Amino acid sequence: IPYQYVEDIPPAIRVDGEVEVQESSQMRIPVAMSDDYGVIDMTMTVKLDPLVEEKPIGDTFTELRTIMSPPQTEIKIKPVYDLTWHSWAGLPVEITFGAIDFQGNASQSEPLKTVLPERTFEHPVAQKLIEIRKNLAWTPQVESGNAAYELESLLMSPQAYQEDYVVFLALRSAASRLIMQNNEDDIRSVINLLWQTAVHIEDGNLPLAAARLKEVRQNLQNLLKDPDATDEEIAAAMEEFRNAMTEYLMEMAREIEKRSAKGEFTPIPENFAREFLNPDGLSQYLDQLMAEA
């Protein structure tokens, strides 16, 4: 039988414009990609700029997102990334995108040099926690004792954070870790805990619910693409996604109610109402994931 061998060409990907830093300090980065059979995954990797000689605690970060591009067609997207939590925020970094096709062939873009945006906090206690966190990241062994003392001082003034029990427990846990252990793993865990606590003070539980929703959504997508995943694992992941979505909707409703009482407007994320705030939206989304797997 006559046939023609057509070699699979690796995908192509590039940064297609300037980084847009949004009001929330998130980054919107235009990316263009193509492949002869279609791109299925995109990675975004952040490394500290080699020109930075002195650096704080922190690791290279990579995020994987599922992309379903049509074959032999260049698509342009503008994904949004929130890396304000990273201890490198405010420092020069290199961002590289990767494209992966259905056979596992991968290509990378040229590194994008930019400064990782920092988030601004308004609540005085949140500001203090971010200051402590930054000092810990830069000089962990020197600042750990000072940080523990400052955290214990905040414990003595619960009225400063509206006597929020979650904040109280977080401060006590962070101070105890620094006093009792004080190794790098403990300091890293405290740096993470202080960020979560500052965000909780500033924004309530909505950002944490959104982060969990993003995590379980990615886990579900990964399982749907895994040929070795069992029906039980997929069913459990779908249930976890539904629960995370319910939690997120409840937190969003609380935030809308709280801001409405203050006369403030809460914008609903782009496409969120169309996809999820109708009786069939979540089921349709899950059906789409199954079809794309």
Side-chain angles (χ1 to χ4, degrees), residues 22-26 46 56-59 61 63 81-91 116-216 244 247-248 250-259 262 264 266:
Q22 301 182 311
E23 187 176 348
S24 60
S25 297
Q26 295 178 330
V46 180
I57 288 177
D59 298 312
F61 174 77
E63 181 174 319
Y81 296 94
D82 184 356
L83 292 169
T84 53
W85 56 267
H86 204 292
S87 56
W88 294 345
L91 294 176
L116 212 56
E118 286 188 277
R119 173 176 173 171
T120 300
F121 289 83
E122 297 182 1
H123 194 287
V125 176
Q127 291 176 347
K128 185 62 178 177
L129 294 182
I130 295 302
E131 177 188 339
I132 295 172
R133 178 181 185 268
K134 184 174 291 189
N135 291 337
L136 270 176
W138 276 98
T139 53
Q141 299 305 323
V142 174
E143 289 294 333
S144 58
N146 295 333
Y149 173 79
E150 291 180 295
L151 292 172
E152 288 186 326
S153 297
L154 289 173
L155 283 171
M156 303 302 293
S157 304
Q159 67 280 1
Y161 45 88
Q162 291 73 49
E163 299 184 354
D164 188 321
Y165 195 57
V166 172
V167 176
F168 178 85
L169 290 177
L171 296 178
R172 188 170 68 176
S173 174
S176 298
R177 293 184 203 179
L178 293 175
I179 293 172
M180 300 299 294
Q181 298 296 329
N182 195 20
N183 56 47
E184 184 169 316
D185 287 341
D186 289 308
I187 291 174
R188 285 174 177 266
S189 69
V190 169
I191 288 172
N192 181 52
L193 180 57
L194 293 181
W195 174 263
Q196 293 179 355
T197 307
V199 171
H200 172 79
I201 293 172
E202 191 86 0
D203 298 337
N205 293 324
L206 183 58
L208 298 179
R212 170 168 166 73
L213 176 59
K214 179 180 178 181
E215 179 183 347
V216 299
E247 179 184 355
Y248 180 66
M250 291 175 62
E251 292 299 337
M252 178 177 284
R254 294 190 186 101
E255 185 67 16
I256 292 174
E257 183 179 1
K258 182 177 70 175
R259 293 196 180 191
K262 297 179 181 179
E264 300 175 356
T266 304

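FYI, side chains are in, hydrogens and waters are out, and symmetry mates aren't considered; it's all heavy atoms of this structure. Values in this document were obtained by computation on a predicted structure and should not be read as measured data.
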From [atom1] ([X]) to [atom2] ([Y]), nearest 0.5 Å:
{"X": "Q26", "Y": "R119", "atom1": "CD", "atom2": "CZ", "answer": "9.5 Å"}
{"X": "I187", "Y": "N192", "atom1": "CD1", "atom2": "CG", "answer": "14.0 Å"}
{"X": "N135", "Y": "E143", "atom1": "CG", "atom2": "CD", "answer": "4.5 Å"}
{"X": "L116", "Y": "T84", "atom1": "CG", "atom2": "OG1", "answer": "8.5 Å"}

Can you confirm whether [X] sits close enough to [Y] that some side-chain heavy atom of one is under 4.5 Å from a side-chain heavy atom of the other?
{"X": "L91", "Y": "P56", "value": "yes"}
{"X": "F61", "Y": "Y81", "value": "no"}
{"X": "T197", "Y": "V125", "value": "no"}
{"X": "F121", "Y": "V199", "value": "yes"}

**Message:** Strictly below 4.0 Å, N to O, side chains only: are E131 and K134 in salt-bridge contact?
**Reply:**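 A salt bridge is absent here (no side-chain N lies under 4.0 Å from a carboxylate O).
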**Item:** side-chain contact (heavy atoms from CB on, under 4.5 Å) assessment of I57 paired with L136
**Value:** CA-CA 8 Å; I57 288 177; L136 270 176; over 6 Å; no
**Request:** Verify salt bridge (Lys or Arg N to Asp or Glu O under 4.0 Å) between K214 and D82, making sure each step is shown before the conclusion.
**Result:** CA-CA 12 Å; K214 179 180 178 181; D82 184 356; over 6 Å; no
**Request:** Before giving the answer on side-chain contact (heavy atoms from CB on, under 4.5 Å), spell out for L194 and L151 the whole-Å C-alpha distance, their side-chain angles and the decisive distance to 0.1 Å.
**Result:** CA-CA 10 Å; L194 293 181; L151 292 172; 3.8 Å; yes
Just by distance, do the side chain of [X] and the backbone of [Y] share a donor-acceptor pair under 3.5 Å?
{"X": "E202", "Y": "E122", "value": "yes"}
{"X": "H86", "Y": "D59", "value": "yes"}
{"X": "S25", "Y": "P117", "value": "no"}

**Request:** Report the C-alpha distance between I130 and E118 in whole Å, list the side-chain angles of each, state the deciding distance to 0.1 Å, and finish with yes or no for side-chain contact (heavy atoms from CB on, under 4.5 Å).
**Result:** CA-CA 11 Å; I130 295 302; E118 286 188 277; over 6 Å; no
**Message:** Per the side-chain hydrogen bond (donor to acceptor under 3.5 Å, both in side chains) rule, what does the pair list look like for residues 154-173, sequence neighbours excluded?
**Reply:**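 Matches after skipping sequence neighbours: D164-H200, S173-R177.
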